[in-house]
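The structure appears below as C-alpha coordinates.
Computed over heavy atoms, backbone and side chain alike; hydrogens, waters and symmetry mates excluded. Since the structure is predicted, the reported quantities are computational estimates derived from the model, not experimental observations. Throughout, a chain's letter reflects where its sequence line sits, starting with A, and its residues are numbered from 1.
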Number of protein chains: 2
Amino acid sequence: MNPAEAVNALGALAQGTRLDVFRLLVKAGPGGMAAGKIGESLEVPAATLSFHLKELAQAGLVEARQENRFIYYSADFEHMNQLLAFLTQNCCEGGGSCALPQFQAPSRTRQRAGTKRRGRQT
Amino acid sequence: MNPAEAVNALGALAQGTRLDVFRLLVKAGPGGMAAGKIGESLEVPAATLSFHLKELAQAGLVEARQENRFIYYSADFEHMNQLLAFLTQNCCEGGGSCALPQFQAPSRTRQRAGTKRRGRQT
DNA sequence: TGGATATTTGCAGAACCATGGAAACATGAA
DNA sequence: TTCATGTTTCCATGGTTCTGCAAATATCCA
(Lines give C-alpha, C1' and ligand atoms only; values in the text may rest on other atoms or scores of the structure.)
Protein backbone atom coordinates (compact mmCIF):
# COMPACT_ATOMS: atom_id res chain seq x y z
CA MET A 1 0.00 0.00 0.00
CA ASN A 2 1.39 3.36 -0.99
CA PRO A 3 0.05 6.83 -0.13
CA ALA A 4 -1.76 7.26 -3.44
CA GLU A 5 -3.59 3.98 -3.04
CA ALA A 6 -4.47 4.88 0.52
CA VAL A 7 -5.89 8.22 -0.57
CA ASN A 8 -8.01 6.43 -3.15
CA ALA A 9 -9.29 3.93 -0.66
CA LEU A 10 -9.99 6.54 1.98
CA GLY A 11 -11.68 8.77 -0.55
CA ALA A 12 -13.87 5.90 -1.59
CA LEU A 13 -14.94 5.36 2.00
CA ALA A 14 -15.35 9.04 2.73
CA GLN A 15 -18.86 9.26 1.41
CA GLY A 16 -21.99 8.32 3.23
CA THR A 17 -23.54 6.00 0.70
CA ARG A 18 -20.27 4.26 -0.08
CA LEU A 19 -19.42 3.80 3.55
CA ASP A 20 -22.84 2.28 4.09
CA VAL A 21 -22.31 -0.04 1.14
CA PHE A 22 -18.89 -1.08 2.30
CA ARG A 23 -19.98 -1.79 5.84
CA LEU A 24 -22.92 -3.75 4.57
CA LEU A 25 -20.51 -5.86 2.54
CA VAL A 26 -18.14 -6.26 5.46
CA LYS A 27 -21.09 -7.52 7.41
CA ALA A 28 -22.17 -9.79 4.59
CA GLY A 29 -18.80 -11.49 4.53
CA PRO A 30 -16.95 -13.16 1.65
CA GLY A 31 -20.16 -14.28 -0.04
CA GLY A 32 -21.06 -10.70 -0.79
CA MET A 33 -24.37 -9.36 -1.95
CA ALA A 34 -26.02 -8.77 -5.30
CA ALA A 35 -26.12 -5.16 -6.46
CA GLY A 36 -29.89 -5.08 -6.48
CA LYS A 37 -30.07 -6.38 -2.96
CA ILE A 38 -27.64 -3.73 -1.79
CA GLY A 39 -29.69 -1.00 -3.41
CA GLU A 40 -32.81 -2.41 -1.85
CA SER A 41 -31.26 -2.62 1.61
CA LEU A 42 -29.96 0.91 1.50
CA GLU A 43 -32.70 2.44 -0.61
CA VAL A 44 -30.35 3.84 -3.18
CA PRO A 45 -31.39 4.20 -6.84
CA ALA A 46 -29.67 1.75 -9.13
CA ALA A 47 -27.75 4.32 -11.13
CA THR A 48 -26.43 6.01 -8.03
CA LEU A 49 -25.48 2.70 -6.50
CA SER A 50 -23.69 1.63 -9.62
CA PHE A 51 -21.65 4.81 -9.57
CA HIS A 52 -20.61 4.18 -6.00
CA LEU A 53 -19.87 0.51 -6.49
CA LYS A 54 -17.58 1.45 -9.34
CA GLU A 55 -15.76 3.89 -7.12
CA LEU A 56 -15.32 1.27 -4.43
CA ALA A 57 -14.13 -1.28 -6.96
CA GLN A 58 -11.64 1.14 -8.49
CA ALA A 59 -10.31 1.85 -5.04
CA GLY A 60 -9.80 -1.87 -4.55
CA LEU A 61 -12.19 -2.11 -1.65
CA VAL A 62 -14.78 -4.33 -3.24
CA GLU A 63 -14.75 -7.06 -5.84
CA ALA A 64 -17.47 -8.02 -8.27
CA ARG A 65 -18.31 -11.43 -9.59
CA GLN A 66 -20.97 -12.27 -12.06
CA GLU A 67 -23.32 -15.08 -11.13
CA ASN A 68 -26.13 -15.68 -13.56
CA ARG A 69 -27.94 -12.44 -13.99
CA PHE A 70 -26.70 -11.05 -10.73
CA ILE A 71 -23.49 -9.31 -9.93
CA TYR A 72 -22.29 -10.06 -6.46
CA TYR A 73 -20.16 -7.51 -4.72
CA SER A 74 -18.03 -8.38 -1.76
CA ALA A 75 -15.57 -6.50 0.40
CA ASP A 76 -11.91 -7.03 -0.39
CA PHE A 77 -10.78 -7.86 3.11
CA GLU A 78 -7.14 -8.16 2.27
CA HIS A 79 -6.97 -4.74 0.71
CA MET A 80 -8.77 -3.31 3.69
CA ASN A 81 -6.26 -4.91 5.99
CA GLN A 82 -3.46 -3.32 4.04
CA LEU A 83 -5.10 0.05 4.38
CA LEU A 84 -5.45 -0.34 8.14
CA ALA A 85 -1.83 -1.38 8.38
CA PHE A 86 -0.75 1.61 6.35
CA LEU A 87 -2.60 4.01 8.60
CA THR A 88 -0.99 2.72 11.76
CA GLN A 89 2.48 2.28 10.36
CA ASN A 90 5.46 3.75 12.12
CA CYS A 91 3.35 4.92 14.99
CA CYS A 92 5.41 6.98 17.43
CA GLU A 93 8.53 6.09 15.48
CA GLY A 94 8.04 2.52 16.54
CA GLY A 95 8.70 3.42 20.14
CA GLY A 96 6.97 1.71 23.01
CA SER A 97 4.69 4.63 23.75
CA CYS A 98 2.55 3.78 20.79
CA ALA A 99 -1.16 4.37 21.16
CA LEU A 100 -2.18 2.68 17.94
CA PRO A 101 -2.03 -1.07 17.46
CA GLN A 102 1.03 -2.17 15.58
CA PHE A 103 -1.23 -3.68 13.04
CA GLN A 104 0.12 -6.24 10.61
CA ALA A 105 -1.58 -6.99 7.35
CA PRO A 106 -1.80 -10.71 6.85
CA SER A 107 -0.39 -11.77 3.54
CA ARG A 108 -3.57 -13.61 2.73
CA THR A 109 -7.04 -13.30 4.17
CA ARG A 110 -7.15 -15.67 7.03
CA GLN A 111 -10.04 -18.08 7.07
CA ARG A 112 -10.54 -20.21 10.10
CA ALA A 113 -11.47 -23.83 9.73
CA GLY A 114 -14.61 -25.26 11.24
CA THR A 115 -16.58 -22.11 11.03
CA LYS A 116 -20.18 -21.37 11.43
CA ARG A 117 -20.61 -19.40 8.30
CA ARG A 118 -23.84 -17.66 8.02
CA GLY A 119 -23.04 -15.51 5.09
CA ARG A 120 -24.58 -17.64 2.39
CA GLN A 121 -26.62 -15.51 0.10
CA THR A 122 -30.12 -15.80 -1.28
CA MET B 1 -18.18 6.71 16.44
CA ASN B 2 -21.18 7.08 14.17
CA PRO B 3 -21.27 7.01 10.37
CA ALA B 4 -21.25 10.78 9.98
CA GLU B 5 -18.16 11.10 12.16
CA ALA B 6 -16.49 8.32 10.25
CA VAL B 7 -17.22 10.01 6.93
CA ASN B 8 -15.69 13.20 8.28
CA ALA B 9 -12.59 11.45 9.51
CA LEU B 10 -12.15 9.44 6.33
CA GLY B 11 -12.72 12.52 4.21
CA ALA B 12 -10.09 14.34 6.18
CA LEU B 13 -7.59 11.56 5.50
CA ALA B 14 -8.59 11.16 1.87
CA GLN B 15 -6.33 13.89 0.62
CA GLY B 16 -2.66 13.62 -0.09
CA THR B 17 -1.39 16.51 1.94
CA ARG B 18 -3.60 15.75 4.90
CA LEU B 19 -2.68 12.10 4.88
CA ASP B 20 0.98 13.10 4.85
CA VAL B 21 0.41 15.45 7.76
CA PHE B 22 -1.48 12.87 9.74
CA ARG B 23 1.07 10.17 9.22
CA LEU B 24 3.83 12.55 10.16
CA LEU B 25 1.99 13.26 13.39
CA VAL B 26 1.38 9.58 14.02
CA LYS B 27 5.09 9.09 13.63
CA ALA B 28 5.84 12.04 15.85
CA GLY B 29 3.80 10.57 18.68
CA PRO B 30 1.88 12.29 21.46
CA GLY B 31 4.30 15.19 21.66
CA GLY B 32 3.26 16.34 18.24
CA MET B 33 4.93 18.93 16.08
CA ALA B 34 4.72 22.69 15.64
CA ALA B 35 2.78 23.84 12.60
CA GLY B 36 5.82 25.55 11.12
CA LYS B 37 7.87 22.42 11.47
CA ILE B 38 5.21 20.37 9.73
CA GLY B 39 5.07 22.79 6.83
CA GLU B 40 8.83 22.74 6.61
CA SER B 41 9.00 18.95 6.64
CA LEU B 42 6.37 18.54 3.97
CA GLU B 43 7.12 21.71 2.02
CA VAL B 44 3.60 23.01 2.20
CA PRO B 45 2.87 26.76 2.24
CA ALA B 46 1.63 28.04 5.57
CA ALA B 47 -1.82 29.00 4.33
CA THR B 48 -2.39 25.63 2.71
CA LEU B 49 -1.14 23.78 5.75
CA SER B 50 -3.35 25.80 8.03
CA PHE B 51 -6.35 24.91 5.92
CA HIS B 52 -5.55 21.23 6.12
CA LEU B 53 -4.77 21.24 9.82
CA LYS B 54 -8.12 22.82 10.43
CA GLU B 55 -9.81 20.08 8.44
CA LEU B 56 -7.99 17.41 10.40
CA ALA B 57 -8.83 19.09 13.69
CA GLN B 58 -12.49 19.43 12.78
CA ALA B 59 -12.57 15.76 11.91
CA GLY B 60 -11.17 15.01 15.34
CA LEU B 61 -7.98 13.45 14.03
CA VAL B 62 -5.54 15.97 15.40
CA GLU B 63 -5.41 18.23 18.40
CA ALA B 64 -3.72 21.57 18.79
CA ARG B 65 -2.10 23.01 21.84
CA GLN B 66 -0.51 26.41 22.14
CA GLU B 67 2.96 26.54 23.60
CA ASN B 68 4.51 29.97 23.67
CA ARG B 69 4.40 31.27 20.17
CA PHE B 70 4.13 27.82 18.64
CA ILE B 71 1.09 25.70 18.07
CA TYR B 72 1.77 22.03 18.43
CA TYR B 73 -0.37 19.59 16.55
CA SER B 74 -0.59 15.95 17.51
CA ALA B 75 -2.57 12.98 16.29
CA ASP B 76 -5.61 12.04 18.32
CA PHE B 77 -4.83 8.38 18.74
CA GLU B 78 -7.99 7.56 20.57
CA HIS B 79 -10.20 8.96 17.88
CA MET B 80 -8.19 7.11 15.29
CA ASN B 81 -8.69 3.89 17.17
CA GLN B 82 -12.40 4.47 17.24
CA LEU B 83 -12.39 4.97 13.51
CA LEU B 84 -10.50 1.73 12.93
CA ALA B 85 -12.91 -0.11 15.19
CA PHE B 86 -15.87 1.33 13.37
CA LEU B 87 -14.56 0.19 10.02
CA THR B 88 -14.08 -3.39 11.12
CA GLN B 89 -17.26 -3.64 13.15
CA ASN B 90 -19.66 -6.50 12.64
CA CYS B 91 -17.36 -8.13 10.15
CA CYS B 92 -19.00 -11.20 8.60
CA GLU B 93 -21.92 -10.82 11.01
CA GLY B 94 -19.56 -11.66 13.80
CA GLY B 95 -19.10 -15.18 12.48
CA GLY B 96 -15.83 -17.00 12.78
CA SER B 97 -14.90 -16.65 9.13
CA CYS B 98 -13.99 -13.05 9.65
CA ALA B 99 -11.10 -11.76 7.60
CA LEU B 100 -10.73 -8.47 9.41
CA PRO B 101 -9.38 -8.21 12.92
CA GLN B 102 -12.13 -7.88 15.49
CA PHE B 103 -10.61 -4.64 16.50
CA GLN B 104 -11.55 -3.13 19.83
CA ALA B 105 -11.20 0.53 20.52
CA PRO B 106 -9.51 0.94 23.87
CA SER B 107 -11.88 2.51 26.31
CA ARG B 108 -11.26 6.03 27.39
CA THR B 109 -10.19 5.00 30.83
CA ARG B 110 -7.57 2.52 29.76
CA GLN B 111 -4.98 4.63 28.01
CA ARG B 112 -1.79 3.05 26.95
CA ALA B 113 1.51 4.45 28.01
CA GLY B 114 2.43 7.73 26.50
CA THR B 115 -1.01 9.18 26.04
CA LYS B 116 -1.94 11.26 28.96
CA ARG B 117 -4.90 12.98 27.51
CA ARG B 118 -8.03 13.32 29.46
CA GLY B 119 -10.67 14.51 27.04
CA ARG B 120 -10.92 16.50 23.89
CA GLN B 121 -11.05 20.19 23.85
CA THR B 122 -12.33 21.46 20.54
C1' DT C 1 -37.15 -14.81 -31.19
C1' DG C 2 -39.37 -11.43 -27.57
C1' DG C 3 -39.91 -9.96 -23.05
C1' DA C 4 -38.53 -9.47 -18.26
C1' DT C 5 -35.06 -8.49 -15.09
C1' DA C 6 -30.45 -6.66 -13.58
C1' DT C 7 -27.00 -3.36 -14.01
C1' DT C 8 -24.17 0.27 -16.20
C1' DT C 9 -23.20 4.49 -18.93
C1' DG C 10 -23.97 9.35 -20.45
C1' DC C 11 -25.12 13.52 -19.12
C1' DA C 12 -25.55 18.08 -16.84
C1' DG C 13 -26.26 21.00 -12.99
C1' DA C 14 -25.30 21.97 -8.34
C1' DA C 15 -22.43 21.58 -4.60
C1' DC C 16 -18.22 21.04 -2.64
C1' DC C 17 -12.93 21.15 -2.23
C1' DA C 18 -7.79 22.59 -2.88
C1' DT C 19 -4.55 26.05 -3.62
C1' DG C 20 -1.63 29.93 -2.29
C1' DG C 21 -0.86 35.13 -2.10
C1' DA C 22 -1.96 38.97 0.71
C1' DA C 23 -3.49 40.66 4.81
C1' DA C 24 -4.72 40.10 9.54
C1' DC C 25 -4.08 38.33 13.99
C1' DA C 26 -1.52 36.46 18.17
C1' DT C 27 2.38 35.98 21.02
C1' DG C 28 6.63 37.16 23.19
C1' DA C 29 10.86 40.06 23.56
C1' DA C 30 13.10 44.50 23.93
C1' DT D 1 5.02 50.58 22.48
C1' DT D 2 7.40 48.55 18.57
C1' DC D 3 9.25 44.76 16.26
C1' DA D 4 9.84 39.95 14.77
C1' DT D 5 7.98 35.54 14.36
C1' DG D 6 4.34 32.05 13.92
C1' DT D 7 -0.17 31.03 12.38
C1' DT D 8 -4.72 31.85 10.55
C1' DT D 9 -8.32 34.10 7.69
C1' DC D 10 -9.87 36.04 3.36
C1' DC D 11 -10.58 35.43 -1.29
C1' DA D 12 -10.56 34.16 -6.21
C1' DT D 13 -9.68 30.47 -9.26
C1' DG D 14 -9.91 26.04 -11.08
C1' DG D 15 -10.94 21.45 -10.29
C1' DT D 16 -13.59 17.39 -8.56
C1' DT D 17 -17.66 14.94 -6.89
C1' DC D 18 -22.64 13.65 -6.20
C1' DT D 19 -26.99 12.90 -8.00
C1' DG D 20 -30.63 10.58 -10.67
C1' DC D 21 -33.14 10.51 -15.24
C1' DA D 22 -33.00 8.39 -19.63
C1' DA D 23 -31.01 5.27 -22.46
C1' DA D 24 -28.04 1.43 -23.31
C1' DT D 25 -26.29 -3.06 -22.32
C1' DA D 26 -26.28 -7.82 -20.43
C1' DT D 27 -28.40 -12.10 -19.06
C1' DC D 28 -31.90 -15.46 -18.67
C1' DC D 29 -36.37 -17.79 -19.65
C1' DA D 30 -40.16 -19.25 -22.51
Nearest-Å distance for atom pair CZ/C1', residues A/Phe51 and C/dA6: 20 Å

Between C/dG20 (P) and B/Leu49 (CG): distance, integer Å: 11 Å

Length of the line joining B/Lys54:NZ and C/dT19:C1', which is rounded to integer Å: 14 Å

Donor-acceptor contact below 3.5 Å, side chain A/Gln58 vs main chain A/Glu55: no

Touch class at under 4.0 angstrom, heavy-atom based, for B/Ala46 against every strand present: base

Whole angstrom value for the distance that separates P of C/dT27 from CZ of B/Arg65: 16 Å

Nucleotide range of DNA chain D lying under 4.0 Å from chain A heavy atoms: D/dC18 to D/dC28

Side-chain ion pair, B/Arg65 and B/Glu67, N-O less than 4.0 Å: yes

A/Ile38 CD1 - C/dT8 C1' separation (whole Å): 14 Å

Hydrophobic cluster identity match, B/Leu49 and B/Leu61, side-chain contacts under 4.5 Å: yes

Sequence neighbours excluded and cut-off under 3.5 Å, please list the side-chain donor-acceptor pairs for residues 30-48 of chain B, or say none.
| residue | atom | partner | partner atom | Å |
| --- | --- | --- | --- | --- |
| B/Ser41 | OG | B/Lys37 | O | 3.0 |

Upstream residue (5' side of DNA chain D) when A/Glu67 and A/Gln15 are each assigned their closest nucleotide: A/Gln15

Touch class at under 4.0 angstrom, heavy-atom based, for B/Tyr72 against every strand present: nothing

Result of checking A/Tyr72, A/Tyr73, A/Phe77 against A/Leu25 for side-chain contact (heavy atoms from CB on, under 4.5 Å): A/Tyr73

Separation of C/dG28 P from B/Asn68 CG (nearest whole Å): 6 Å

Listed partners of B/Ala14 passing side-chain contact (heavy atoms from CB on, under 4.5 Å), at least two apart: A/Leu10, A/Ala14

Touch class at under 4.0 angstrom, heavy-atom based, for A/Ala47 against every strand present: base

B/Pro45 side-chain proximity, nearest of C/dG20, C/dA6, C/dT8: C/dG20

Distance, rounded to the nearest Å, where B/His52 contributes NE2 and C/dT19 contributes C1': 7 Å

